[in-house]
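Written below as structure tokens is the structure these notes are about.
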Amino acid sequence: MFRDYKVSSHWADDDPAWIKSLVSSLDRRHGASSIMPLTSVVDEIAAWVDMASGEEAWAKRTNHGYLRLELDRSTGALGAAVRAVVSAPLSRFEAAFTRLVNSPRTVLVHAPGSRTDAVWTDLASSAKDLLTTLEADGATTASWDDLVTAARDRSLSARQYRPIADLLFDQLQRRGHDSESIFNTLASLVAYGPEAEESPLHHLDVPTEDRIARARVTVSSPAEVEPTVVWLGYQGHAWLTLSAGRVSFMDAQWHVPNARPDGQGFDHKPELWDLVKDGYQFKVAKLVDEESDVDLLVRVDLGETTAAGAVKRATDMVETILNVSIHSFGGIHPDLVQHAVLRSGRQAAWGSVISRRETGFPNDSYGAHLTGEAVERHGPRIAQALSRDELPRYLAAAIEVQVIADHPFSRDMALRKPSEADIRSIVPLADRVVQHVAAHAAMSPDDAFTELRQHWPHTRWTVDVQNAVGMCLLGGSTQPQLTQDLSRDWFATSPSRPWVLFVADRTGQLLSVCQVEHERAWITRMLRSVTDAAVYAELVQEYTAEAEMLEGRRKRVRNGLVHGNPTSFAMVKSVREYASFLSSSALWRGLESYIEVIDPRTALTSLTPEAAAMRSGQDAATYWRNRIASQPSS
């Protein structure tokens, strides 16, 4: 927390007023400027070049008109010292921006991932050069000089210091510093001379210019790079112990007590013991009627890095693993409540937040079990990929949108009925996910939707066959023992064969116990399509026509929801499943390209081996028997 002397009068009699002004300008608790730092504006424009989608993103003049206004206001607020340092790269950036916005509409409507014309690449590269200059020693020191100049100028009356201080704060953060800590240090240096951790009350004899000089050196100093580890504590059982890449999941109830020197051994035990030995962090229940502060621990090794944003970087990695796993397999999302940062093996920071309990099932042990299974199934591959390479920007954006779409329908919100607004949101959000993945694959969104639509028939067939089996096993049969045996085989955690072969081998038995008489003809057709290629081909034709109709409906619904065109809620509900299929299929194929290091376009367009074999005339049962026969016996 900032010290009170930033805005109080604990000063020597001969301290000039401008020094007090400079110190208090480092206090960020008393309002913020509406003018964004130049770094943030350039970042946003670069993000628009990279990711803004839809025909009207750049083609609509009001959009880039507002971006121009933001740019003009941020450059107008620059101090003289910074302006001199960034003059050349800023001029190139502004010229590139002007060339882009004055380009023909045929250029401006290019989709993300396909913006390869010079006007796009010039703006992207000039933005990168400008940001590099702003983050360098010279521009950061110049921002400090501008802040000092603003404090000295007692004629200023419009809070001109605010955008200067905001820019300096952002520059320090981008350089790898903890900006809050640096601003605190600067206040101590200028007010009294010592560093922030020293007592400021015994150094009143430090000359003013020496204080300013010491602060200037602090601002220009590079951030330290050292081994950094982040420990995250979550509420929400997952009963999970897993290490992959740079991420380790641990059950807190077992690992915290065993962190004691006399406890059982495990990886990173001394590190955890240093964190919990005082009893203040990551506490777990010792008695039956107690509640643990944390249920799940996650250790993230960030490697050799700077302090800035360490917790966020670690959390982002864990959130990627959790979100992708839960989206695929189900479960409940644990709540982050505590964190600790270790630098070179020493604790450098610690923090906690209040857990936000959602409207899910209380003590949802089954949901926690699902979460553990989900992470065990998908976590290792994702964690290994994240340790190899940073998650691509488009895929990160796609995951973020998919999480928003999933949340109202998740177990975390199980006791809250999804509203019409929740259901309506699925279509535009799913559209957004596909657009992000299309950009990752350097495809136009229309082409991506066309390619994804070809996967609908086989996926729909798979779901329908499984639904047909489920209808047969509803119960009420005159053969309860056979129904029980079939159910045990169908729902087995570790099945002895692919589900397709279960259906092929036991079709007759399934039909003999089926009591859903009005669906018998459809169920029979679905079950027999597993062994009859002609029946499968007929179904694929029907599903292909269905996909074409659903795609047209999806477009109408999407445009209606986004632009206010007429659309009924019944239409929205009817297209929800198809829209969700498109987004999930796109996301998984995009992630597969990242994890397996294959061409994203190939991942998005290729059929699965099963679908390709069946489309060429082979039935599903034969495909799987041949596949099993070709595998070496274990």
Side-chain angles (χ1 to χ4, degrees), residues 36-61 63-78 82-140 142-143 167 170-176 222 306 308-309 389-398 435-445 594 599-601:
M36 297 299 296
L38 181 58
T39 45
S40 298
V41 175
V42 175
D43 245 353
E44 183 178 10
I45 293 175
W48 268 64
V49 171
D50 203 19
M51 302 183 70
S53 58
E55 289 188 357
E56 300 304 313
W58 278 98
K60 196 169 184 178
R61 291 195 173 276
N63 286 343
H64 51 73
Y66 285 130
L67 289 175
R68 167 68 76 181
L69 178 62
E70 292 278 7
L71 180 60
D72 290 344
R73 284 175 60 82
S74 63
T75 55
L78 292 177
V82 168
R83 186 180 296 278
V85 172
V86 304
S87 175
L90 177 58
S91 296
R92 289 194 294 272
F93 175 76
E94 291 179 319
F97 182 82
T98 300
R99 283 195 298 273
L100 175 62
V101 299
N102 290 331
S103 297
R105 181 180 176 83
T106 53
V107 172
L108 296 177
V109 297
H110 286 178
S114 62
R115 293 169 175 166
T116 56
D117 288 12
V119 287
W120 295 107
T121 57
D122 287 351
L123 183 54
S125 61
S126 62
K128 182 178 179 181
D129 291 344
L130 178 53
L131 287 172
T132 299
T133 302
L134 284 165
E135 294 163 14
D137 294 353
T140 309
S143 284
L167 176 59
D170 197 46
Q171 286 171 305
L172 291 170
Q173 195 74 16
R174 289 166 180 270
R175 286 165 62 82
T306 58
D389 193 16
E390 186 176 349
L391 186 68
R393 189 173 189 176
Y394 295 121
L395 292 183
Q435 291 195 39
H436 285 316
V437 178
H440 175 64
M443 298 173 64
S444 75
Y594 162 67
D599 177 55
R601 182 183 289 263

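The figures that follow rest on heavy atoms only: side chains count, while hydrogens, waters and symmetry mates do not.
- Distance check, rounded to the nearest 0.5 Å: NE2 of H64 to CG of L69 gives 13.5 Å.
- Between the side chain of R73 and the backbone N or O of M36, no donor-acceptor pair lies under 3.5 Å.
- Residues L108 and V101 fail the side-chain proximity criterion, which asks for heavy atoms closer than 4.5 Å.
- Here the side chains of R68 and T98 are in contact, with some heavy-atom distance below 4.5 Å.
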Next on the checklist: Quick one, R174 with D43, criterion side-chain contact (heavy atoms from CB on, under 4.5 Å). Give me CA distance, side-chain angles, the key distance, then yes/no.
Outcome noted: CA-CA 12 Å; R174 289 166 180 270; D43 245 353; 2.7 Å; yes
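- Residues L172 and T140 come closest through the heavy atom pair CD2-CG2, 4.0 Å.
- Here H436 contributes atom NE2 and R393 contributes atom CZ; the two are 10.5 Å apart, rounded to the nearest 0.5 Å.
- Note that CZ of F93 and CG of D122 are 12.0 Å apart. Values are rounded to the nearest 0.5 Å.
- Taking OH from Y66 and NZ from K60, the interatomic distance works out to 9.0 Å, rounded to the nearest 0.5 Å.
- In terms of heavy atoms, R601 sits closest to A441 at N-CB, 3.8 Å.
- Side chain of Q171 to backbone of L134: a donor-acceptor contact under 3.5 angstrom is found.
- Under the rule for a side chain to side chain contact (heavy atoms under 4.5 Å, CB included), the partners of V85 that lie at least two apart in sequence or sit in another chain are T133, A139, A142.
- W48 and R115 make their closest contact through O-NH1, 3.1 Å (heavy atoms, listed as atom of the first residue, atom of the second, distance).
- Of all heavy-atom pairs spanning Q173 and G309, the tightest one is NE2-N, 3.9 Å.
- Residue T39 holds its OG1 atom at 8.0 Å from CD of E135, rounded to the nearest 0.5 Å.
- Between the S114 side chain and the H110 main chain, no donor and acceptor come within less than 3.5 Å of each other.
- For residues 87-100, no pair satisfies salt bridge (charged side-chain N to carboxylate O under 4.0 Å, His left out), with sequence neighbours left out.
- Here the side chain of Y394 pairs a donor or acceptor atom with the backbone of D50 at under 3.5 angstrom.
- For G76 against R83, the heavy-atom pair with the smallest separation is CA-NH2, 3.9 Å.
- The distance from atom OG of S40 to atom CG of L131, rounded to the nearest 0.5 Å, is 9.5 Å.
- Looking at every heavy atom in both residues, G113 comes nearest to A442 through O-CB, 3.2 Å.
- Contact annotation: the side chain of L38 never approaches that of V82 to less than 4.5 Å [non-hydrogen atoms, C-beta and beyond].
- When side chains are defined from C-beta on, N63 does not count as touching W58, because their heavy atoms never get closer than 4.5 Å.
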